[in-house]
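Here's the structure we're looking at; comments come further down.
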Amino acid sequence: MKISELFTALQDLASRARLDPGLEAAIFVDLSAPDPAQWHGLIKDGQFTLSEGQPPAPDLTLTASSDTAIGLFQRTVNPMAAFMTGKIKVKGDLAKAALLKQLLTNKK
């Protein structure tokens with residue numbers, strides 16, 4: 001899987017997500033080599049949108065390699081092990097990270 005394919009798959013998940021209308025979050029994903037990318041997700045009014053680039057003031061920033069991100073999506077990388085070994089770095093409101101887990105674990 002290429003990082004562009006991951007972005008497309010995540011956009012599809014985001015478009016189908018239905019969340020509590022009271023939830024709001026700006027999430028920044030900063031992926032490094034071998035295929036760097038920057039994305040931001042906005043959760044507002046029960047909708048989740050994913051776009052390229054960085055939001056002005058993210059509530060949560062996730063940093064990982066593109067290989068780790070693909071492995072997380074394909075479920076070949078354990079999220080907790082990746083976090084504990086520093087393969088994923090999280091900065092900001094950790095409660096917002098639970099929203100991402102909810103979205104990713106509900107994928108078909």
Side-chain angles (χ1 to χ4, degrees):
M1 171 178 263
K2 296 179 183 177
I3 206 68
S4 60
E5 295 169 321
L6 174 60
F7 182 71
T8 300
L10 291 174
Q11 278 187 310
D12 181 55
L13 280 176
S15 70
R16 291 184 282 126
R18 297 295 171 254
L19 301 167
D20 182 331
L23 296 175
E24 288 193 18
I27 301 163
F28 177 50
V29 178
D30 190 11
L31 302 178
S32 61
D35 196 5
Q38 291 186 331
W39 306 328
H40 68 274
L42 297 175
I43 299 170
K44 187 173 183 175
D45 299 326
Q47 301 291 313
F48 180 56
T49 57
L50 184 66
S51 304
E52 293 187 63
Q54 182 174 359
D59 300 307
L60 176 70
T61 298
L62 300 170
T63 306
S65 73
S66 54
D67 287 341
T68 298
I70 290 169
L72 289 167
F73 183 78
Q74 294 178 331
R75 298 183 181 183
T76 58
V77 172
N78 179 295
M80 186 56 71
F83 178 76
M84 297 299 284
T85 59
K87 289 184 178 182
I88 302 171
K89 294 183 178 145
V90 181
K91 179 181 173 185
D93 187 346
L94 295 180
K96 308 276 180 169
L99 297 174
L100 289 179
K101 181 180 178 189
Q102 176 186 348
L103 290 170
L104 292 175
T105 56
N106 288 332
K107 71 178 183 154
K108 300 286 183 221

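For the single chain, residues carry numbers from 1 onward in sequence order. Computation of the quantities below employed the complete heavy-atom set of this structure, encompassing side-chain atoms and omitting hydrogens, waters and symmetry-equivalent molecules.
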Acceptor/donor pairs from residues 76-91 side chains to any protein atom, 3.5 angstrom cut, sequence neighbours excluded:
{"residue": "Thr76", "atom": "OG1", "partner": "Gly71", "partner atom": "O", "Å": "3.4"}
{"residue": "Asn78", "atom": "OD1", "partner": "Met80", "partner atom": "N", "Å": "2.8"}
{"residue": "Asn78", "atom": "OD1", "partner": "Ala81", "partner atom": "N", "Å": "2.9"}
{"residue": "Thr85", "atom": "OG1", "partner": "Ala81", "partner atom": "O", "Å": "2.8"}
{"residue": "Thr85", "atom": "OG1", "partner": "Ala82", "partner atom": "O", "Å": "3.4"}

Worksheet item: Below 4.5 Å, heavy atoms only, C-beta onward: do Leu13 and Phe73 meet side chain to side chain?
Response: yes
Worksheet item: Are Leu23 and Phe48 joined in one hydrophobic group, where the rule is that I, L, V, M, F, W and Y side chains link up if heavy atoms are under 4.5 Å apart?
Response: yes
Discussion item. Quick check: do Ile27 and Asp59 have side-chain heavy atoms less than 4.5 Å from each other?
Written reply: no
Worksheet item: Which pair of non-hydrogen atoms, one from Ser32 and one from Ser65, has the smallest distance, and what is that distance?
Response: OG-CA, 3.3 Å
Practice prompt. Would you give the length of the straight line joining atom CZ of Phe28 to atom CG of Leu60, rounded to the nearest 0.5 angstrom?
Written response: 11.0 Å
Item to complete: Using side-chain hydrogen bond (donor to acceptor under 3.5 Å, both in side chains) as the criterion, list what pairs up with Asp93, not counting sequence neighbours.
Response: none
Worksheet item: Which pair of heavy atoms, one from Pro36 and one from Ala33, lies closest together, and at what distance?
Response: CD-CA, 4.2 Å
Worksheet item: Quick one: side chain to side chain donor-acceptor pair (under 3.5 Å) pairs with a partner in residues 34-58, sequence neighbours left out?
Response: Arg18-Gln47, Asp30-Gln38
Worksheet item: When rounded to the nearest 0.5 angstrom, what distance separates CE in Met1 from OG1 in Thr8?
Response: 8.5 Å
